[in-house]
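Worksheet: the structure to be examined is printed underneath.
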Amino acid sequence: MKKWMCCFAVCVFLLAGCSESTDLAEKEILSQETDNQVEEAEEKIETTEKEEGETAGEKEGMESLEMEKEPKEPEIIDLEGEEFFEGLSGAAVLYNPDKNQFFIYNQELAQTRRSPCSTFKIVSSLAALENGILEPEHSTRKWNGEFFWNENWNQDLDFGQAFQASCVWYFRELIDELGQERMQREVDRLSYGNCDISDWEGRGNTNNNNRALTGFWIEASLMISPKEQAEVMERIFGKNTVYSEKTQKELKKVMQVETEKETGISVYGKTGMGKAYGETVDAWFTGFAQKEQESVFFCIYLGRSEGRDVTSTIAKEIAIRIVEEYDSAWGD
């Protein structure tokens, strides 16, 4: 009996020990689980904070990019041009995109749309070159035998000769071959003034009814302001141009102007002149000038000036003087 009681006591003691060990093990397990849960919670907080930080950073980055995508409006500065125009009615626009500045003489007239006349030969040449209609090395066109007022037009001409002589019949043929759809696409891409080429044949021209010498760009439906002319020049020849280097090279070749002074400035441009009822109403010279790696895009416009002779040659002379002498338009 005593032996049995001893055995029972030992069993009770062992069971009590086992129970105590189990409790301790369970406590340790619970403690470990709690620690794991705390660690997991802390990791979740860290991850959330990190993700929120990244999201905030991305948001700030996107906002910064959006701000970069929205370019500042160019500053417009009055250009004191009286000494250059000497009493002629006109406007001057110089645009330096590196400085993000326009220098404008006679702002009201500079933003008034007029017929581009032969300055449009820059754009028609551009469109023909880009669309494979014009290949300068194989560009001779036959004169049809009709005698025109400009003797330089009364012969076979290649692209360079036609551009320099501002031969209307040559570019009338070129534009017709290009076609209205492609021409419309190019003026739209350039945001060229009112982009209106609807008077394709130029029947609105009151100075001439010879369809070899009329078109939408000569005192007809297409209109552009001097400020827009300078902007178009930048779209063609600026740093962000979409046009090929080959096209730009060919245009620069025919647009380059010989200047009298050695100033280190190269000038490229095209004249244009339009008449109504026999009187000159529009005279232009538009293009760009380069000095080292810097470019200034310009347009000079002359309108009716009572008692004064108005020609595109005078506009050209004014333009050359301004880009050579108006130092404020160039970088420091």
Side-chain angles (χ1 to χ4, degrees), residues 113-146 148-150 152-224 228-229 232-233 235-237 242-244 246-248 250-251 253-255 269-275 282 284 286-287 312:
R113 287 176 172 170
R114 298 292 302 171
S115 171
C117 307
S118 286
T119 63
F120 189 73
K121 289 184 174 70
I122 299 172
V123 176
S124 55
S125 300
L126 169 78
L129 286 163
E130 286 286 292
N131 286 276
I133 301 298
L134 175 61
E135 296 180 8
E137 60 275 18
H138 305 292
S139 59
T140 299
R141 290 176 179 270
K142 293 287 184 182
W143 171 47
N144 68 2
E146 180 180 356
F148 300 104
W149 64 269
N150 188 326
N152 293 323
W153 300 356
N154 300 327
Q155 58 184 314
D156 298 349
L157 296 170
D158 65 19
F159 170 54
Q161 294 168 326
F163 194 94
Q164 292 300 324
S166 202
C167 181
V168 178
W169 69 257
Y170 184 100
F171 284 88
R172 173 76 267 181
E173 290 182 7
L174 192 69
I175 286 172
D176 283 337
E177 287 182 22
L178 186 67
Q180 194 162 352
E181 185 177 339
R182 283 188 288 196
M183 191 76 261
Q184 185 68 64
R185 187 168 65 241
E186 293 302 333
V187 295
D188 287 343
R189 179 155 65 159
L190 286 167
S191 296
Y192 193 93
N194 66 356
C195 298
D196 184 358
I197 64 173
S198 59
D199 187 4
W200 184 256
E201 294 184 347
R203 293 182 179 276
N205 188 323
T206 60
N207 192 62
N208 202 323
N209 58 10
N210 183 339
R211 295 305 161 219
L213 303 179
T214 62
F216 57 85
W217 67 96
I218 308 172
E219 302 302 332
S221 59
L222 187 64
M223 309 279 275
I224 191 169
E228 289 171 325
Q229 286 264 39
V232 166
M233 291 301 102
R235 291 183 194 119
I236 296 172
F237 299 103
V242 298
Y243 298 100
S244 69
K246 182 180 179 183
T247 292
Q248 293 179 68
E250 294 295 344
L251 284 173
K253 193 184 298 182
V254 296
M255 289 172 63
K270 181 71 187 75
T271 54
M273 192 165 71
K275 294 185 176 184
D282 298 305
W284 301 86
T286 188
S312 56

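Residues: numbered from 1 along the sequence shown.
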Quiz prompt | Steps toward side chain to side chain contact (heavy atoms under 4.5 Å, CB included) verdict (Lys270, Ser166) | solution = CA-CA 9 Å; Lys270 181 71 187 75; Ser166 202; 3.0 Å; yes
Would you say the side-chain atoms of [X] pair up with the backbone N or O of [Y], donor to acceptor, closer than 3.5 Å?
| X | Y | value |
| --- | --- | --- |
| Asp156 | Trp143 | yes |
| Asn205 | Ile218 | yes |
| Gln161 | Asp158 | yes |
| Ser124 | Ile175 | no |
| Ser139 | Phe159 | yes |
| Gln155 | Asn152 | yes |
| Asn194 | Ser221 | yes |
| Ser115 | Trp217 | yes |
| Trp169 | Trp153 | yes |

Between [atom1] on residue [X] and [atom2] on residue [Y], distance to nearest 0.5 Å:
| X | Y | atom1 | atom2 | result |
| --- | --- | --- | --- | --- |
| Glu181 | Ile197 | CD | CD1 | 10.0 Å |
| Ile224 | Gln229 | CD1 | CD | 4.5 Å |
| Asp176 | Glu201 | CG | CD | 8.0 Å |
| Gln164 | Met255 | CD | CE | 10.5 Å |
| Leu213 | Arg172 | CG | CZ | 10.5 Å |
| Lys121 | Phe163 | NZ | CZ | 8.5 Å |

List for me each residue that meets side-chain contact (heavy atoms from CB on, under 4.5 Å) alongside [X], sequence neighbours excluded, and say none if there are none.
| X | value |
| --- | --- |
| Asp188 | Gln184, Cys195 |
| Asn144 | Glu146, Phe148 |
| Ser191 | Arg235 |
| Arg185 | Asn131, Arg182 |

Do [X] and [Y] come close enough that some side-chain heavy atom pair is under 4.5 Å?
| X | Y | value |
| --- | --- | --- |
| Pro116 | Leu222 | yes |
| Ile122 | Leu126 | no |
| Ser118 | Met273 | no |
| Lys246 | Leu129 | no |
| Phe171 | Ser125 | yes |
| Lys275 | Asn208 | no |
| Thr140 | Leu157 | no |

Measure across [X] and [Y] and return the closest heavy-atom pair with its distance rounded to 0.1 Å.
| X | Y | result |
| --- | --- | --- |
| Glu130 | Ser244 | OE2-OG, 3.0 Å |
| Asp199 | Gly204 | OD2-N, 2.8 Å |
| Gly272 | Cys117 | C-CB, 4.1 Å |
| Gly202 | Ala220 | CA-CB, 4.1 Å |

Quiz item: With sequence neighbours left out, which residue pairs that include part of residues 174-205 fulfil the ring-ring contact (aromatic ring centres under 6.0 Å, His included) condition?
Solution: Phe120-Tyr192, Trp200-Phe216
Exercise. Please assess Thr206 against Glu219 for the test side chain to side chain contact (heavy atoms under 4.5 Å, CB included), listing each intermediate value before the final yes or no.
Key: CA-CA 8 Å; Thr206 60; Glu219 302 302 332; over 6 Å; no
Quiz prompt | Audit row: Leu178, Leu174, side chain to side chain contact (heavy atoms under 4.5 Å, CB included) steps and yes/no | solution = CA-CA 6 Å; Leu178 186 67; Leu174 192 69; over 6 Å; no
Quiz prompt | Pair Thr119, Thr286: side-chain N/O donor-acceptor within cut-off below 3.5 Å | solution = no
Exercise. Please list, chain by chain and in numerical order, all residues satisfying ring pair (Phe, Tyr, Trp, His ring centres under 6.0 Å) with Phe237, sequence neighbours excluded.
Key: Phe288
